[in-house]
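Working notes for the structure below.
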There are 2 protein chains.
Amino acid sequence: MNENKKTIITNISQKIFSRYGLIKTTVDEIAKAARMGKATLYHYFKSKEDIYREVVEKENRFLAQKINEAIDKEDTPKEKLKAYITTRMKYLNELANIHSALTEEYLDHYAFIERIREKNFQQEIKTIRTILIDGNNKNLFSIEDIELTSFAIISALKGLEYPWSTEISLPKIQENIDKLLDILFNGIVKR
Amino acid sequence: MNENKKTIITNISQKIFSRYGLIKTTVDEIAKAARMGKATLYHYFKSKEDIYREVVEKENRFLAQKINEAIDKEDTPKEKLKAYITTRMKYLNELANIHSALTEEYLDHYAFIERIREKNFQQEIKTIRTILIDGNNKNLFSIEDIELTSFAIISALKGLEYPWSTEISLPKIQENIDKLLDILFNGIVKR
DNA sequence: TTCTCGACCAAAATCGTTTTTCGTTCCATT
DNA sequence: AATGGAACGAAAAACGATTTTGGTCGAGAA
């Protein structure tokens with residue numbers, strides 16, 4: 001099995017899927033862009049869906065890697081959490097396929113999309129939990145139910161990813177993130 | 001102008017729009033259900049879209065009223081905020097038209113839907129701000145930037161409304177709301 | 001004068017049929 | 001084992017005819 005060919009196909013189809021999505025992209029298009037016959041694609045992949053799954057999983061791994069790198073650069077759990085959300089949003093904007101996979105309704109009925117969403121979610125839970133446990137251990141946080149708190153924080157952060165308001169400038173988005181993190185850390189109740 | 005007829009049309013069409021949505025509902029259907037001729041509907045309303053706008057705005061007013069009633073019943077800003085999110089979610093589940101108006105992509109390009117979304121959002125901002133100011137005045141909260149904090153809290157609460165996770169039981173949803181509110185109030189940083 | 005509604009109009013949607021496209025496989029060749 | 005042009009069959013798109021639907025007209029009743 002030629003892993004190099006598989007990688008070529010993945011890289012090339014990644015770009016085309018980014019631009020046109022799963023439906024509008026044709027196998028013929030991918031084959032031509034990769035300078036191969038269509039049958040060759042089927043030598044390396046099970047189906048068109050399989051190519052797309054590989055592309056989305058690749059971007060999900062890349063996203064996780066970038067998030068982990070950003071978190072590892074910080075010392076305090078506070079900075080880690082901040083790095084987490086900032087990096088996640090930055091790369092979700094860049095990685096069109098994983099972004100689509102997580103948000104587009106037309107992909108809802110694909111089983112593999114469901115698995116990727118679950119995986120991405122478990123990655124989120126794990127990452128947040130790790131940061132919270134670290135915060136508790138360093139006596140900076142005071143969290144009793146780590147699991148529930150992780151879940152609640154992810155809910156809150158989802159509100160940042162969801163395109164619910166149309167007229168928010170980019171500076172305001174960063175201000176919003178900063179303030180939300182401030183509230184999540186310190187709360188609004190007087191100390 | 002017979003306000004009673006207008007009300008009859010609005011109430012009847014509200015039920016039909018709830019069930020079938022804007023597209024699948026026909027003017028003929030509404031006319032028959034209201035026991036009127038089609039032309040009569042056009043005597044009271046500008047267009048089909050105009051009837052739908054009236055229905056959605058009616059539900060939005062009702063939602064606001066229910067939220068205000070729930071908030072007024074509480075004494076503390078904490079309880080008010082809790083009542084706010086609980087009541088909002090409860091009634092958004094019941095009021096199919098305003099719920100659709102706020103969330104359905106196929107309605108995105110209607111100007112009146114944009115205005116309703118903006119109005120609903122301003123209502124949210126105003127309600128949250130009022131609660132936060134009350135909290136500050138009672139020396140319970142310690143908020144410097146009311147506007148930004150309102151905005152950030154709304155972001156966080158949006159994460160609860162967004163159907164981002166598929167396998168959440170109803171009890172878990174309530175737990176999640178409670179924990180998120182706890183975090184918003186007290187933060188996770190050790191006090 | 002206001003309100004009502006059946007008939008009508010034009011545009012949009014639906015339908016059945018035909019044509020084209022596309023995901024996948026076949027099979028000969030390298 | 002890997003390759004790729006051709007072929008296959010199902011699905012999607014295109015097409016033209018027909019039906020449906022949003023909205024209006026104009027006569028009549030209240």
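A note on names: the letters A, B, ... follow the listed sequences, proteins ahead of strands, and every chain is numbered from 1.
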Report the nucleotide, chosen from [options], that has the shortest atom-to-atom distance to any side-chain atom of [X].
X: B/Tyr44; options: D/dG22, C/dT4, C/dC5; result: C/dT4
X: A/Lys38; options: C/dC3, D/dT24, C/dG23; result: C/dG23
X: B/His43; options: C/dC22, D/dG22, C/dC3; result: C/dC3
X: A/Val27; options: D/dG23, C/dT24, D/dG22; result: C/dT24
X: A/Lys5; options: D/dG22, C/dT14, D/dA2; result: D/dA2

Starting at atom [atom1] of [X], determine the distance to atom [atom2] of [N], rounded to an integer number of angstrom.
X: B/Phe45; N: D/dG22; atom1: CZ; atom2: P; answer: 15 Å
X: B/Asp28; N: C/dG6; atom1: CG; atom2: P; answer: 10 Å
X: B/Lys6; N: C/dT2; atom1: NZ; atom2: C1'; answer: 15 Å
X: B/Asn4; N: C/dT4; atom1: CG; atom2: C1'; answer: 16 Å
X: B/Glu49; N: D/dG23; atom1: CD; atom2: P; answer: 8 Å
X: A/Ile30; N: D/dG4; atom1: CD1; atom2: P; answer: 15 Å
X: B/Asp50; N: D/dG22; atom1: CG; atom2: P; answer: 14 Å
X: B/Lys32; N: D/dT20; atom1: NZ; atom2: C1'; answer: 12 Å

N/O (side chain, A/Tyr42) to phosphate O (OP1/OP2, C/dT24) under 4.0 Å: yes
Residue met sooner reading DNA chain C from 5', once B/Met36 and A/Lys48 are mapped to nucleotides: B/Met36
A/Lys24 or A/Ala39, whichever maps to the more 5' nucleotide of DNA chain D: A/Ala39
Residue that, paired with A/Lys38, satisfies side chain to side chain contact (heavy atoms under 4.5 Å, CB included) out of A/Asp28, A/Thr26, A/Ile30: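 The option that passes is A/Asp28.
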Side-chain heavy-atom pair B/Leu95, B/Asn60 within 4.5 angstrom cut-off: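 Contact flag for B/Leu95/B/Asn60 side chains = no.
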Trace of the salt bridge (charged side-chain N to carboxylate O under 4.0 Å, His left out) decision for A/Lys179 with B/Glu144: CA-CA 11 Å; A/Lys179 173 51 70 176; B/Glu144 290 170 11; over 6 Å; no
Atom CD of B/Gln122 with >12 non-hydrogen neighbours under 6.0 angstrom: yes
B/Tyr20, OH: over 12 other non-hydrogen atoms inside 6.0 angstrom: no
Sugar-phosphate only, base, or nothing, as touched by A/Thr40 at under 4.0 Å among non-hydrogen atoms: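 The residue A/Thr40 makes base contact.
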